[in-house]
Amino acid sequence: MTSRGVAILGSTGSIGTTALRVLARQRERFHVAALTAFTNAGLLAEQAAEFEPAYVGLVRNGDEGSHPGWGSGDACLIEAATHTGAEIVLNAVVGAAGLDATLAALECGKRVALANKESLVMGGSLVTAAAERGGGELVPVDSEHSAILQCIAGRPTAEVRRLVITASGGPFRRWTSKQLENATLADALQHPTWRMGRKITVDSATLANKALEVIEAHYLFNLPYDRIEVVVHPQSVVHSLVEFVDGSVLAQLGVPSMELPILYALTHPDRVPDSGVPRFDPVSLSPLTFEPLRTEQFPAFALGVAAGRRGGVAPAVFNASNEAAVALFLDGRIRFGDIGVAIASAIDALADLPGDTQDSILRADSAARRHVQEQFGC
Ligand code: NAD
Ligand code: MG
């Protein structure tokens, strides 16, 4: 059996460390070809010692002591993403910082196992075009999109009537608008079913994450927004559903663990034996329930989906203003409810900027960050 090289961008984060747990069990099939991180040199060094990748990159190399032999700066993401030893690039960076690496890996014909949904939301048409030009392939890591990929199982888009993306509802699923006004950072970071990085955990509390996922599904599966719906499923066991034109509905189920979609993104369309995650027990996971999304309490969701429908630079403005507002919230400088207000304000001011070239998307991204900083960051 030949072993396939995997580059992990963002190896010190929640998805990165989970991926390394999976790869530690799958050493016959895969080896780690490259690792990158932002600042956590200590953990990166431990990972490098254990997995012996050909390439190691630390964006902030030199800030707290220099690591000779390691790549540095933003360029290290591209160096890892295009490394000749890497057949698969797991992009587990958080935020728009992941876009260039996604594009570069696809241009080189690599498989991108995509956790970094922000890069697809921000530059959907650029990413699809890069894959077409370079022959690269985009495979989702997000659990909902992995579920949809597995349910569609190669059937043509014309046979799919609609996608139903499940949402846990986050920590504030039952909170009233009044209670939400006083939600603290600690409340927002208490996700009921998933342990994740801080940014996506806040996105799950505002439901901005579900809007990002609707846009992500639009680009991954090439379906119009009218055929993509969301339902709340608090147990996070049914990872999503696909309704076909004959009325049949397929769902993919599993215990809530990112190890399963990460492994599948590496092996798709094959399946390989693995036993790192507890076996599925329908009785202990019962009951499985579904409820509608309360859109009035979570304005970020509707703003994001509307931005997706609008197209052009609107999704990039949504993504960047959300990132900037979440950073302010994580810093204790704005309240939970201000995140939606900041996104709405940036979209009002900037979503009509012309064009969807890479330049115009990057300009819209910077303008949206500046807007939120100036209007809400003081
Ligand atoms: P995290 O914050 O735990 O990890 C982020 C990683 O990216 C770290 O290794 C960090 O060093 C690196 N990084 C951060 N900023 C960077 C920058 N500017 N340049 C280069 N590297 C940088 O985040 P996470 O929870 O692992 O999420 C990563 C991505 O996966 C996000 O896009 C998120 O939406 C997506 N995702 C995460 C989960 C989950 O369970 N955690 C599930 C689905 C999708
Ligand atoms: Mg998800």
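For ligands, and for the atoms within them, numbers begin at 1 and follow the listed sequence. Since this is a predicted model, take the numbers as computed values, not measurements.
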Engineer: Closest non-hydrogen protein atom to atom 23 (O) of ligand 1, residue and atom name please, with distance?
Structural biologist: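 Here the closest protein heavy atom is Gly197 CA, 4.0 Å.
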Engineer: Membership question, hydrophobic clusters at under 4.5 Å side-chain separation (ILVMFWY): are Leu20 and Val112 in the same one?
Structural biologist: no
Engineer: At less than 2.8 Å, how many protein N/O/S atoms surround the Mg ion (ligand 2)? Leave waters out.
Structural biologist: 3
Engineer: In the protein, what heavy atom is nearest to atom 34 (O) of ligand 1, and what distance, to one decimal place, separates them?
Structural biologist: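 Result: Lys117 CE, 3.3 Å.
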Engineer: Side chain, backbone, both or neither: which part of Ile200 has a heavy atom under 4.0 Å from ligand 1?
Structural biologist: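 For Ile200, the contact with ligand 1 is made by the side chain alone.
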Engineer: Please check whether Thr12 reaches ligand 1 - meaning an N/O of the residue sits under 3.5 Å from an N/O of the ligand, judged on distance alone.
Structural biologist: yes
Engineer: I want to confirm something. Looking only at heavy atoms, which of Ile8, Leu9, Asp142 is nearest to atom 43 (C) of ligand 1?
Structural biologist: Asp142
Engineer: Can you hop from Val89 to Leu266 via hydrophobic side chains spaced under 4.5 Å?
Structural biologist: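 They do not share one cluster, since no chain of ILVMFWY contacts under 4.5 Å joins Val89 to Leu266.
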Engineer: Is there a nitrogen or oxygen of Leu77 sitting under 3.5 Å from a nitrogen or oxygen of ligand 1?
Structural biologist: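 In this structure, Leu77 places no N or O atom under 3.5 Å from an N or O of ligand 1.
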Engineer: Should Leu260 and Ile262 be counted in the same cluster of Ile, Leu, Val, Met, Phe, Trp and Tyr side chains packed under 4.5 Å apart?
Structural biologist: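 The answer is no; the residues belong to distinct hydrophobic clusters.
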Engineer: For the rings on Phe298 and Phe172, is their centre-to-centre separation under 6.0 Å?
Structural biologist: no
Engineer: Any donor-acceptor pair under 3.5 Å linking the side chain of Gln235 with the backbone of Thr289?
Structural biologist: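 Side chain of Gln235 to backbone of Thr289: a pair is present.
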Engineer: With respect to atom 29 (C) of ligand 1, which of Leu58, Asp74, Val93 exhibits the smallest heavy-atom separation?
Structural biologist: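 Selected option, by shortest heavy-atom distance: Val93.
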Engineer: Ligand 1 versus Val59, non-hydrogen atoms closer than 4.0 Å: side chain, backbone, both, neither?
Structural biologist: side chain
Engineer: Suppose we measure from atom 3 (O) of ligand 1 to each protein heavy atom; which comes out shortest, and what is that distance?
Structural biologist: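 Looking at atom 3 (O) of ligand 1, the protein heavy atom closest to it is Ser14 N, 2.8 Å.
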Engineer: Ignoring angles and geometry beyond distance, decide whether Gly16 reaches within less than 3.5 Å of ligand 1 through its nitrogen or oxygen atoms.
Structural biologist: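 It does not: no N or O of Gly16 is found under 3.5 Å from an N or O of ligand 1.
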Engineer: Using a 4.0 Å cut-off to any heavy atom of Asn116, which atoms of ligand 1 qualify?
Structural biologist: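 Reading through ligand 1 atom by atom, the close ones are 32 (O).
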Engineer: Between Arg111 and His268 (side chain of the first, backbone of the second, donor and acceptor by atom type, cut-off under 3.5 Å), is there such a pair?
Structural biologist: yes
Engineer: Using a strict 4.0 Å cut-off to heavy atoms of Met196, name the atoms of ligand 1 that fall inside it.
Structural biologist: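 So the atoms of ligand 1 that pass are 25 (O), 39 (C), 40 (O), 41 (N).
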Engineer: Quick one: nearest non-hydrogen protein atom to atom 26 (O) of ligand 1, plus distance?
Structural biologist: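 Nearest protein contact, heavy atoms only, for atom 26 (O) of ligand 1 is Ile15 N, 2.9 Å.
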Engineer: Backbone N or O of Val237 within a donor-acceptor pair of the His233 side chain at under 3.5 Å?
Structural biologist: yes
Engineer: What's the shortest distance from atom 35 (C) of ligand 1 to any protein heavy atom, and which residue and atom give it?
Structural biologist: Ala115 O, 3.1 Å
Engineer: Among Thr157, Val242, Val160, Leu149, find the one that has a side chain to side chain contact (heavy atoms under 4.5 Å, CB included) with Phe221.
Structural biologist: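 One option only clears the test, and that one is Leu149.
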Engineer: Do the side chains of Arg25 and Glu259 get close enough for a salt bridge, i.e. N-O under 4.0 angstrom?
Structural biologist: yes
Engineer: So which protein heavy atom does atom 22 (C) of ligand 1 come closest to, and at what separation?
Structural biologist: Phe38 CB, 3.6 Å
Engineer: For atom 42 (C) of ligand 1, find the nearest protein heavy atom and state the residue, atom name and distance (0.1 Å precision).
Structural biologist: Met258 CE, 3.7 Å
Engineer: Heavy atom under 4.0 Å from ligand 1: found in Ser11's side chain, backbone, both, or neither?
Structural biologist: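 Backbone only; the side chain of Ser11 stays clear of ligand 1.
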Engineer: Report the C-alpha distance between Met258 and Arg195 in whole Å, list the side-chain angles of each, state the deciding distance to 0.1 Å, and finish with yes or no for side chain to side chain contact (heavy atoms under 4.5 Å, CB included).
Structural biologist: CA-CA 10 Å; Met258 288 308 293; Arg195 292 285 153 264; over 6 Å; no
Engineer: Going through the checks in order, is the side chain to side chain contact (heavy atoms under 4.5 Å, CB included) test met by Ile165 and Val214?
Structural biologist: CA-CA 8 Å; Ile165 297 176; Val214 167; 4.3 Å; yes
Engineer: Of all the atoms in ligand 1, which lie at a distance below 4.0 Å from a heavy atom belonging to Ala97?
Structural biologist: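 So the answer, numbered in order with elements, is 17 (C), 18 (N), 19 (N).
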Engineer: Quick check: does any side chain N or O of Arg227 sit under 3.5 Å from a backbone N or O of Arg161, one acting as donor and the other as acceptor?
Structural biologist: yes
Engineer: Name the closest protein heavy atom to atom 14 (C) of ligand 1, giving the residue it belongs to and the distance to 0.1 Å.
Structural biologist: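 Protein heavy atom at minimum distance: Val94 CG1, 3.7 Å.
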Engineer: Counting only heavy atoms not in Glu296, do more than 12 sit closer than 6.0 Å to its CD atom?
Structural biologist: yes
Engineer: Would one find more than 12 heavy atoms of other residues, nucleotides or ligands at under 6.0 Å from atom CD of Glu64?
Structural biologist: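 No - once you tally the heavy atoms of other residues, nucleotides and ligands closer than 6.0 Å, there are 12 at most.
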Engineer: Mind checking whether Glu118 contacts ligand 1 via backbone (N, CA, C, O), side chain (CB onward), both or neither, at a 4.0 Å heavy-atom cut-off?
Structural biologist: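 Just the side chain.
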Engineer: As a check for students: among Gly73, Ala92, Ser146, identify the option with a heavy atom nearest to atom 5 (C) of ligand 1.
Structural biologist: Ala92
Engineer: Keeping the roles fixed (side chain from Ser284, backbone from Asp281), state whether a donor-acceptor pair exists under 3.5 Å.
Structural biologist: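 Yes.
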Engineer: Is there a donor-acceptor contact under 3.5 Å from the side chain of Asp348 to the main chain of Ser345?
Structural biologist: no
